[in-house]
Amino acid sequence: MSTGPYKIVNARKRRLTRLADLIGATLSLPWRQWRRARPLDPAEVREILLIRTLYLGDVMMTVPMLRPLRERFPGARITLLTAAGAAPLLEGNPDLDALITYDPFWFSDRSGPLDYLRWRWRMRRRRFDLVIEARADIREILMLVRPLRATHKVSYGVGGGAWMLTRVVPYPGVRHKVEYHLDLCRALGCRVEGVHWDVHHSAAERAALARLLAEQGLAAPFVAVHPGSRLALKRWPAARYAALVERVARRLGLAVVVLGAPGERALVAEVVGAGGPRVHDLSGRLGLRAMAALLREARVLVCNDSAPMHLAAAVGTPALALFGPSSSVETGPYGLGHRVVEVAGLWCRAECDEHGCRHPERQWCMRQLGVDQVFAVLCEMLGAEAASAANWSQNCHSPGSLSIQ
């Protein structure tokens with residue numbers, strides 16, 4: 001059993017995790033020597049619990065695990081333990097049998113220790129054959145996995161807590177989180193052929209979206225823009241989004257839909273600005289499922305590193321993602337047809353925990369992304385629609401020295 005190396009950026013958290021592992025591994029040594037790992041027989045697996053709580057984008061990047069697990073363990077009931085806010089995105093998924101919602105108090109301000117005790121009480125009689133913790137975080141392994149009655153408890157050890165698992169999956173190195181999650185399936189003997197993820201909409205939901213688009217006078221092709229992000233450091237300046245939206249609407253003649261949560265209405269108002277009648281503000285009007293349905297109809301989504309970026313990828317819409325402090329290698333839009341604009345070779349990115357800026361100039365990485373560069377990449381993605389615009393040759397020029405993927 002190995003307690004390192006750790007894949008933890010925050011130095012204080014890394015030190016605390018190392019200390020907790022040292023104490024936990026030492027105290028549990030007699031029990032672990034007595035315990036023998038049982039072979040995993042798919043025929044004996046009847047109840048599977050997959051754990052992935054916050055955040056929405058991370059939950060979406062876990063969805064591709066469901067199909068391989070279903071195929072590997074065809075007789076098993078698959079349950080996902082996830083955050084309440086993410087639950088709507090899983091409705092109607094044919095590879096999922098049940099949902100359990102819980103917002104861990106160590107991540108979320110929507111719950112507290114009493115909520116955790118209630119969750120423990122609800123789970124006291126549940127019995128699982130296989131529990132998979134997809135985050136690889138010592139807090140989740142300690143508080144959510146360890147108390148459960150389960151024959152097999154599986155995760156990575158790079159976030160601490162390896163001594164509480166029955167099987168520690170070797171860490172494959174830095175790679176996209178979708179593959180990071182799928183490697184857990186591969187370690188369990190699953191065949192991974194293609195990536196299956198989507199938001200499964202009903203006919204009624206599709207009809208409701210059609211009515212909304214008709215009310216707004218919207219028809220394809222249109223460009224979707226989501227200027228928000230959970231963390232402020234990941235946001236491209238609103239004024240630049242506004243300039244980009246105006247160019248798309250006025251110079252290319254395309255409709256633009258600007259999206260945002262209810263708490264982002266002021267931000268969206270800045271972006272909509274003087275874009276004209278082709279710009280539609282739908283902030284605060286769409287739930288997660290409705291947003292996913294709208295993104296399915298969009299030609300391109302322009303966004304920061306955020307949950308809607310992963311929703312677009314899941315429903316098959318190309319995303320133009322603007323990255324700063326976070327790693328596009330791990331959390332960029334997954335799949336073909338997407339593009340990423342970011343500063344190449346940024347020295348502070350590897351040590352950034354996205355809550356505090358280490359660069360001498362705050363948010364320097366996002367402010368280095370120019371409107372001209374982003375617009376040029378968007379024109380390339382739009383292809384024929386943009387090529388028919390009168391000012392194509394003037395507006396869509398070389399993006400310069402930024403990293404364009």
Side-chain angles (χ1 to χ4, degrees), residues 50-68 80 82-93 95-96 99 107 134-136 174-185 192 194-201 223-231 233-236 257-261 264 282 286-342 354 381 405:
L50 174 61
I51 300 176
R52 194 46 159 116
T53 56
L54 301 178
Y55 299 96
L56 296 180
D58 293 325
V59 174
M60 282 306 302
M61 288 187 286
T62 310
V63 172
M65 295 179 67
L66 297 175
R67 180 69 58 83
L80 175 65
T82 191
L89 297 174
L90 283 302
E91 293 175 9
N93 191 307
D95 297 314
L96 185 65
L99 275 169
F107 286 132
R135 182 188 298 273
V174 175
R175 59 192 310 181
H176 197 281
K177 280 193 175 181
V178 169
E179 293 296 331
Y180 172 87
H181 293 142
L182 287 174
D183 279 337
L184 291 169
C185 295
V192 179
V195 173
H196 303 276
W197 59 334
D198 200 347
V199 178
H200 299 268
H201 293 101
V223 174
V225 173
H226 185 275
S229 182
R230 179 176 58 86
L231 299 176
L233 284 177
K234 294 183 177 183
R235 296 175 190 162
W236 199 40
V257 177
V258 187
L259 304 170
E264 295 173 330
L282 293 185
L286 303 176
L288 285 174
R289 292 185 62 81
M291 180 184 294
L294 182 138
L295 289 176
R296 195 189 302 273
E297 303 301 319
R299 180 67 179 81
V300 176
L301 169 67
V302 185
C303 60
N304 307 309
D305 177 13
S306 59
M309 176 187 70
H310 300 295
L311 286 180
V315 300
T317 295
L320 170 51
L322 312 181
F323 268 70
S326 50
S327 168
S328 63
V329 173
E330 294 184 273
T331 62
Y334 185 86
L336 300 176
H338 308 294
R339 302 288 294 276
V340 170
V341 180
E342 62 186 347
E354 302 170 12
M381 296 178 71
Q405 302 175 15

How close do Phe323 and Gly332 get, counting heavy atoms only, and between which atoms?
CZ-CA, 3.5 Å
With sequence neighbours excluded, residues passing side-chain hydrogen bond (donor to acceptor under 3.5 Å, both in side chains) with Arg235:
none
Review item, side-chain donor-acceptor pairs of residues 306-322, under 3.5 Å, at least two apart:
{"residue": "Ser306", "atom": "OG", "partner": "Asn304", "partner atom": "O", "Å": "3.2"}
{"residue": "Thr317", "atom": "OG1", "partner": "Leu295", "partner atom": "O", "Å": "2.5"}

Hits for side-chain contact (heavy atoms from CB on, under 4.5 Å) against Leu99, two or more places apart or cross-chain, chain-then-number order -> Leu80, Thr82, Ala87, Leu90, Leu96
Identify all side-chain donor-acceptor contacts of residues 52-63 below 3.5 Å with residues at least two apart in sequence or on another chain.
{"residue": "Arg52", "atom": "NH1", "partner": "Leu54", "partner atom": "O", "Å": "3.2"}
{"residue": "Thr53", "atom": "OG1", "partner": "Arg135", "partner atom": "NH2", "Å": "3.2"}
{"residue": "Thr53", "atom": "OG1", "partner": "Glu140", "partner atom": "OE2", "Å": "2.7"}
{"residue": "Asp58", "atom": "OD1", "partner": "Lys177", "partner atom": "NZ", "Å": "3.3"}
{"residue": "Thr62", "atom": "OG1", "partner": "Asp58", "partner atom": "O", "Å": "2.8"}

Name all pairs fulfilling the salt bridge (Lys or Arg N to Asp or Glu O under 4.0 Å) condition that reach into residues 309-329, sequence neighbours left out, sorted by first residue then second.
none
For Arg175, check salt bridge (charged side-chain N to carboxylate O under 4.0 Å, His left out) against everything at least two apart and list the hits.
Glu179, Asp183
Going by ring-ring contact (aromatic ring centres under 6.0 Å, His included), name the residues that satisfy it together with Trp197, two or more places apart in sequence or in a different chain.
none
Could you work out, with salt bridge (charged side-chain N to carboxylate O under 4.0 Å, His left out) as the rule, every residue matching Arg67, not counting sequence neighbours?
Asp95
All heavy atoms of Glu264 vs all of Ser229, minimum pair found to be OE2-N, 3.7 Å
In chain order, what residues pass the side-chain contact (heavy atoms from CB on, under 4.5 Å) check against Glu330, with sequence neighbours excluded?
Lys7, Val174, Ser327
List the atom of Leu182, the atom of Val195, and the distance in Å for their closest heavy-atom pair.
CD1-CG2, 4.0 Å
Sorted by chain and number, sequence neighbours left out, ring-ring contact (aromatic ring centres under 6.0 Å, His included) with His176 holds for Tyr334
Here the gap from Glu91 atom CD to Arg289 atom CZ, rounded to the nearest 0.5 Å, amounts to 5.0 Å
His181: side-chain hydrogen bond (donor to acceptor under 3.5 Å, both in side chains) partners, not counting sequence neighbours
none
How close do Ala134 and Leu184 get, heavy atom to heavy atom, and via which atoms?
CA-CD1, 3.8 Å
